[in-house]
K.L.:
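Once you've had a glance at the structure underneath, I'll fire off some questions.
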Amino acid sequence: MTQALALKRILDDAGHQVVAGFMGDNPHRPIPHFFRRRFDSPIHTYLAPVFVVDPERKGVRPWDSFFQALRRFPRYWSQGPMLHELVMTYRPDLLVNFYDLVGGLYAAVYRPAVPVVALGHQFL
(Lines give C-alpha, C1' and ligand atoms only; values in the text may rest on other atoms or scores of the structure.)
Protein backbone atom coordinates (compact mmCIF):
# COMPACT_ATOMS: atom_id res chain seq x y z
CA MET A 1 0.00 0.00 0.00
CA THR A 2 2.83 2.38 0.70
CA GLN A 3 4.20 1.62 -2.78
CA ALA A 4 0.84 2.63 -4.27
CA LEU A 5 0.82 5.85 -2.24
CA ALA A 6 4.38 6.66 -3.33
CA LEU A 7 3.62 5.97 -7.00
CA LYS A 8 0.45 8.04 -6.83
CA ARG A 9 2.39 10.99 -5.46
CA ILE A 10 5.05 10.66 -8.17
CA LEU A 11 2.38 10.54 -10.87
CA ASP A 12 0.44 13.45 -9.37
CA ASP A 13 3.62 15.54 -9.11
CA ALA A 14 4.40 14.79 -12.77
CA GLY A 15 0.99 16.12 -13.82
CA HIS A 16 -0.76 12.80 -14.38
CA GLN A 17 -4.19 12.02 -12.99
CA VAL A 18 -4.80 8.85 -11.00
CA VAL A 19 -8.50 8.31 -11.61
CA ALA A 20 -9.09 5.40 -9.23
CA GLY A 21 -7.54 2.66 -7.17
CA PHE A 22 -8.58 -0.98 -7.25
CA MET A 23 -7.64 -2.91 -4.19
CA GLY A 24 -8.00 -6.47 -3.01
CA ASP A 25 -9.93 -6.66 0.21
CA ASN A 26 -10.24 -9.51 2.64
CA PRO A 27 -12.07 -9.78 5.98
CA HIS A 28 -8.80 -10.93 7.58
CA ARG A 29 -6.89 -7.93 6.25
CA PRO A 30 -9.02 -4.77 6.07
CA ILE A 31 -7.75 -1.74 4.20
CA PRO A 32 -6.18 0.61 6.74
CA HIS A 33 -7.72 3.99 7.36
CA PHE A 34 -4.44 5.80 6.63
CA PHE A 35 -4.47 4.43 3.08
CA ARG A 36 -8.05 5.45 2.39
CA ARG A 37 -7.31 8.94 3.77
CA ARG A 38 -4.09 9.52 1.80
CA PHE A 39 -5.18 7.97 -1.51
CA ASP A 40 -7.39 10.86 -2.53
CA SER A 41 -8.98 9.15 -5.55
CA PRO A 42 -11.90 6.70 -5.49
CA ILE A 43 -10.96 3.24 -4.19
CA HIS A 44 -12.86 0.20 -5.43
CA THR A 45 -12.40 -3.10 -3.62
CA TYR A 46 -12.76 -6.72 -4.64
CA LEU A 47 -12.34 -10.03 -2.86
CA ALA A 48 -8.71 -11.11 -3.00
CA PRO A 49 -6.50 -13.81 -1.51
CA VAL A 50 -4.09 -13.15 1.33
CA PHE A 51 -0.99 -14.96 2.45
CA VAL A 52 -1.41 -17.42 5.31
CA VAL A 53 1.09 -16.41 7.98
CA ASP A 54 2.68 -18.72 10.54
CA PRO A 55 2.10 -16.90 13.86
CA GLU A 56 5.00 -18.69 15.59
CA ARG A 57 7.68 -18.25 12.94
CA LYS A 58 6.29 -14.94 11.64
CA GLY A 59 6.63 -16.05 8.03
CA VAL A 60 4.42 -16.85 5.09
CA ARG A 61 3.17 -20.41 4.75
CA PRO A 62 3.35 -20.80 0.95
CA TRP A 63 1.55 -24.14 0.57
CA ASP A 64 -1.26 -23.15 2.92
CA SER A 65 -1.57 -19.84 1.04
CA PHE A 66 -1.69 -21.67 -2.29
CA PHE A 67 -4.31 -24.20 -1.21
CA GLN A 68 -6.46 -21.53 0.43
CA ALA A 69 -6.38 -19.46 -2.76
CA LEU A 70 -7.17 -22.57 -4.82
CA ARG A 71 -10.21 -23.39 -2.67
CA ARG A 72 -11.52 -19.85 -3.06
CA PHE A 73 -10.56 -19.46 -6.71
CA PRO A 74 -14.19 -19.36 -8.00
CA ARG A 75 -14.85 -16.35 -5.75
CA TYR A 76 -11.79 -14.54 -7.06
CA TRP A 77 -12.61 -15.44 -10.66
CA SER A 78 -16.09 -13.93 -10.26
CA GLN A 79 -14.58 -10.47 -9.64
CA GLY A 80 -13.58 -10.08 -13.32
CA PRO A 81 -16.81 -8.68 -14.75
CA MET A 82 -17.05 -6.03 -12.03
CA LEU A 83 -13.44 -4.99 -12.56
CA HIS A 84 -13.90 -4.87 -16.32
CA GLU A 85 -16.99 -2.68 -16.02
CA LEU A 86 -15.09 -0.23 -13.81
CA VAL A 87 -12.06 -0.17 -16.12
CA MET A 88 -14.35 0.51 -19.08
CA THR A 89 -16.06 3.30 -17.09
CA TYR A 90 -12.81 5.03 -16.08
CA ARG A 91 -11.03 4.41 -19.43
CA PRO A 92 -7.49 4.79 -18.01
CA ASP A 93 -4.36 5.19 -20.11
CA LEU A 94 -2.46 2.69 -17.94
CA LEU A 95 -3.17 0.01 -15.34
CA VAL A 96 -0.63 -0.64 -12.59
CA ASN A 97 -0.84 -3.98 -10.78
CA PHE A 98 1.09 -4.36 -7.54
CA TYR A 99 1.56 -8.12 -7.96
CA ASP A 100 -2.06 -8.93 -7.22
CA LEU A 101 -3.45 -12.31 -8.30
CA VAL A 102 -6.90 -11.01 -9.25
CA GLY A 103 -5.38 -8.07 -11.15
CA GLY A 104 -3.16 -10.48 -13.05
CA LEU A 105 -6.10 -12.74 -13.87
CA TYR A 106 -8.06 -9.72 -15.04
CA ALA A 107 -5.27 -8.67 -17.41
CA ALA A 108 -4.83 -12.21 -18.75
CA VAL A 109 -8.53 -12.87 -19.35
CA TYR A 110 -9.90 -9.47 -20.38
CA ARG A 111 -6.82 -8.25 -22.25
CA PRO A 112 -7.47 -4.53 -21.70
CA ALA A 113 -6.58 -2.25 -24.59
CA VAL A 114 -4.30 -0.19 -22.33
CA PRO A 115 -0.86 -1.26 -21.07
CA VAL A 116 -0.70 -3.14 -17.76
CA VAL A 117 2.43 -2.70 -15.64
CA ALA A 118 3.02 -5.22 -12.86
CA LEU A 119 5.24 -4.31 -9.92
CA GLY A 120 6.55 -6.98 -7.57
CA HIS A 121 7.16 -6.70 -3.85
CA GLN A 122 9.03 -8.45 -1.07
CA PHE A 123 7.10 -11.73 -1.46
CA LEU A 124 8.02 -11.97 -5.16
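This chain uses plain numbering: 1 for the first residue, then up along the sequence. Everything numeric in this text was worked out from a predicted model, so none of it was measured.
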K.L.:
What residues, two or more places apart in sequence or in another chain, satisfy side chain to side chain contact (heavy atoms under 4.5 Å, CB included) together with Val19?
P.N.:
Gln17, Tyr90

K.L.:
If I compare all heavy atoms of Val18 with all of Ser41, which pair ends up nearest, and what's the gap?
P.N.:
O-OG, 2.7 Å

K.L.:
Could you pull out all residues at least two apart from Tyr106 that satisfy ring pair (Phe, Tyr, Trp, His ring centres under 6.0 Å)?
P.N.:
His84, Tyr110

K.L.:
Which residues pass the side chain to side chain contact (heavy atoms under 4.5 Å, CB included) test with Arg111, not counting sequence neighbours?
P.N.:
none

K.L.:
To the nearest 0.5 Å, what is the distance between CE on Met23 and CZ on Phe35?
P.N.:
4.5 Å

K.L.:
I'd like to check the side chain to side chain contact (heavy atoms under 4.5 Å, CB included) partners of Thr45; sequence neighbours left out, ordered by chain and number.
P.N.:
Asp25, Ile31, Arg36, Ile43

K.L.:
My understanding is that only residues two or more places apart in sequence, or in another chain, count here; which of them pass salt bridge (charged side-chain N to carboxylate O under 4.0 Å, His left out) with Asp13?
P.N.:
Arg9

K.L.:
Using the test side chain to side chain contact (heavy atoms under 4.5 Å, CB included), find all partners of Leu105 that sit at least two apart in sequence or belong to another chain.
P.N.:
Phe73, Trp77, Leu101

K.L.:
Could you name each residue pair satisfying salt bridge (Lys or Arg N to Asp or Glu O under 4.0 Å) that touches residues 73-99, not counting sequence neighbours?
P.N.:
none

K.L.:
Measuring from Met1:CE to Phe34:CZ, what's the distance to the nearest 0.5 Å?
P.N.:
5.5 Å

K.L.:
Using a 4.5 Å cut-off between side-chain heavy atoms of Ile, Leu, Val, Met, Phe, Trp and Tyr, which other residues end up in the same hydrophobic cluster as Phe66?
P.N.:
Trp63, Phe67, Leu70

K.L.:
Of all the heavy-atom pairs spanning Ala69 and Pro49, show the shortest one and how long it is.
P.N.:
CB-CB, 4.1 Å

K.L.:
For His16, enumerate each residue passing the side-chain hydrogen bond (donor to acceptor under 3.5 Å, both in side chains) test, keeping only those at least two apart in sequence or located in another chain.
P.N.:
none

K.L.:
Who passes salt bridge (charged side-chain N to carboxylate O under 4.0 Å, His left out) against Arg61, sequence neighbours left out?
P.N.:
Asp64

K.L.:
Do you know the tightest heavy-atom contact between Gln79 and Leu47?
P.N.:
OE1-N, 3.1 Å

K.L.:
Within a reach of under 6.0 Å around CZ of Arg38, are more than 12 heavy atoms found that belong to other residues, nucleotides or ligands?
P.N.:
no

K.L.:
At their closest point, which heavy atom of Pro92 faces which heavy atom of Val87, and how far apart are they?
P.N.:
CD-O, 3.4 Å

K.L.:
State which residues pass side-chain hydrogen bond (donor to acceptor under 3.5 Å, both in side chains) with Tyr46; sequence neighbours excluded, sorted by chain then number.
P.N.:
Asp100

K.L.:
Can you name the nearest heavy-atom pair linking Ala48 to Tyr76, along with the distance?
P.N.:
C-CE2, 3.5 Å

K.L.:
Leu95 and Pro112: which non-hydrogen atoms are nearest, and at how many Å?
P.N.:
CD1-CG, 3.9 Å

